[in-house]
Amino acid sequence: MPEVFFNGPAGRLEGRYQQAKDPNAPIAVVLHPHPEFGGTMNNQIVYNLFYMFAQRGFSVLRFNSRGVGRSQGAFDHGVGELSDAAAALDWLQTLNKESPGVWIAGFSFGAWIGMQLLMRRPEVEGFISVAPPENLYDFAFLAPCPSSGLIIHGEKDRVAPPEAVQKLVDKLQQQKGITVEQKIVEGANHFFEDRIEPLIDECSEYLDRRREEIAQGGGR
């Protein structure tokens, strides 16, 4: 898993990158939770999502946003972090010019950033949002949401309570042309303590099924 550095809007960004053997492999970016609450690319959920994509033949990148780890810059309350995510995807696409598909995954704050990024990038064919904090951040930009995806959260999440996440799911499920699936992990809190394995199992099942549908000519 090579350590990489690439240029972001506020300076150099630190990441970990797994290059697929197939030059035509799809690509994925995984986004970490809130930096001011200890969120980094080495978060257990981010780490496991990264390997989930790598094991399925993706070229995949996780990285520290500005001011985290050895990434330059300072926390920017989401605005700069979205620009960092866009720069990360640009870098990944430059290395994988033949890639047929783009996926974005994010956890908590990273889910909010990831869903903003997919609004900017029509090439994104799928997303995985883990515990999106609808109660803490404005998701009104998803009008309409441009691609299908999975929203997955914990039954006992007190940071992003199930009823708040449900509001976001209900809104997105009313939109035509896409399918937003919802999964609730029983017994899981916001950090999926002792529940990371069932979380990744659900994400893996969704990713495998969606990739099969896309390969057979299914829609977004």
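FYI, side chains are in, hydrogens and waters are out, and symmetry mates aren't considered; it's all heavy atoms of this structure. We're numbering straight along the sequence, starting at 1. Since the model is a prediction, treat every value here as computed from it, not as a measurement.
- Between F109 and H34, the ring planes are tilted. Angles from 30° to 60° get that label.
- D90 meets the side chain to side chain donor-acceptor pair (under 3.5 Å) test with R121; sequence neighbours excluded.
- The aromatic rings of W91 and F6 lie parallel to each other, with less than 30° between the two planes, well short of the 60° mark.
- The neighbour count for E197 CD, taken as heavy atoms of other residues, nucleotides or ligands under 6.0 Å away, does not exceed 12.
- The shortest side-chain heavy-atom distance between L89 and I27 falls under the 4.5 Å cut-off.
- Side-chain contact between D84 and P9: present, with at least one pair of heavy atoms (C-beta onward) separated by less than 4.5 Å.
- Residues L31 and W112 form no side-chain contact, since every pair of their non-hydrogen atoms from C-beta on lies 4.5 Å or further apart.
- With values rounded to the nearest 0.5 angstrom, L49 atom CG is found 4.0 Å from I200 atom CD1.
- Listed by chain and residue number, nothing satisfies the side chain to side chain donor-acceptor pair (under 3.5 Å) test with N7 (two or more places apart in sequence, or in another chain).
- The shortest side-chain heavy-atom distance between V169 and K171 does not fall under the 4.5 Å cut-off.
- With hydrogens and angles disregarded, no donor-acceptor distance shorter than 3.5 Å links the side chain of R211 to the backbone of Y206.
- Contacts of S129 classified as side chain to side chain contact (heavy atoms under 4.5 Å, CB included), with partners at least two apart in sequence or in another chain: A111, M115, F127, P132, I151.
- Under the 4.5 Å side-chain criterion, counting only non-hydrogen atoms from C-beta, M52 is not in contact with N48.
- Counting only distance, with no hydrogens or angles, the side chain of N64 and the backbone of M41 share a donor-acceptor pair below 3.5 Å.
- Side-chain contact between L172 and P144 is absent, with no heavy atoms from C-beta onward closer than 4.5 Å.
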Notebook entry, point to check: Could you go step by step and tell me if E123 and Q93 meet the side chain to side chain donor-acceptor pair (under 3.5 Å) rule?
Noted result: CA-CA 11 Å; E123 68 270 29; Q93 288 178 315; 2.9 Å; yes
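- Looking at R66 and S83, their side chains come closer than 4.5 Å, going by heavy atoms from C-beta outward.
- Side chains of H153 and E134 form no contact here, defined as non-hydrogen atoms less than 4.5 Å apart.
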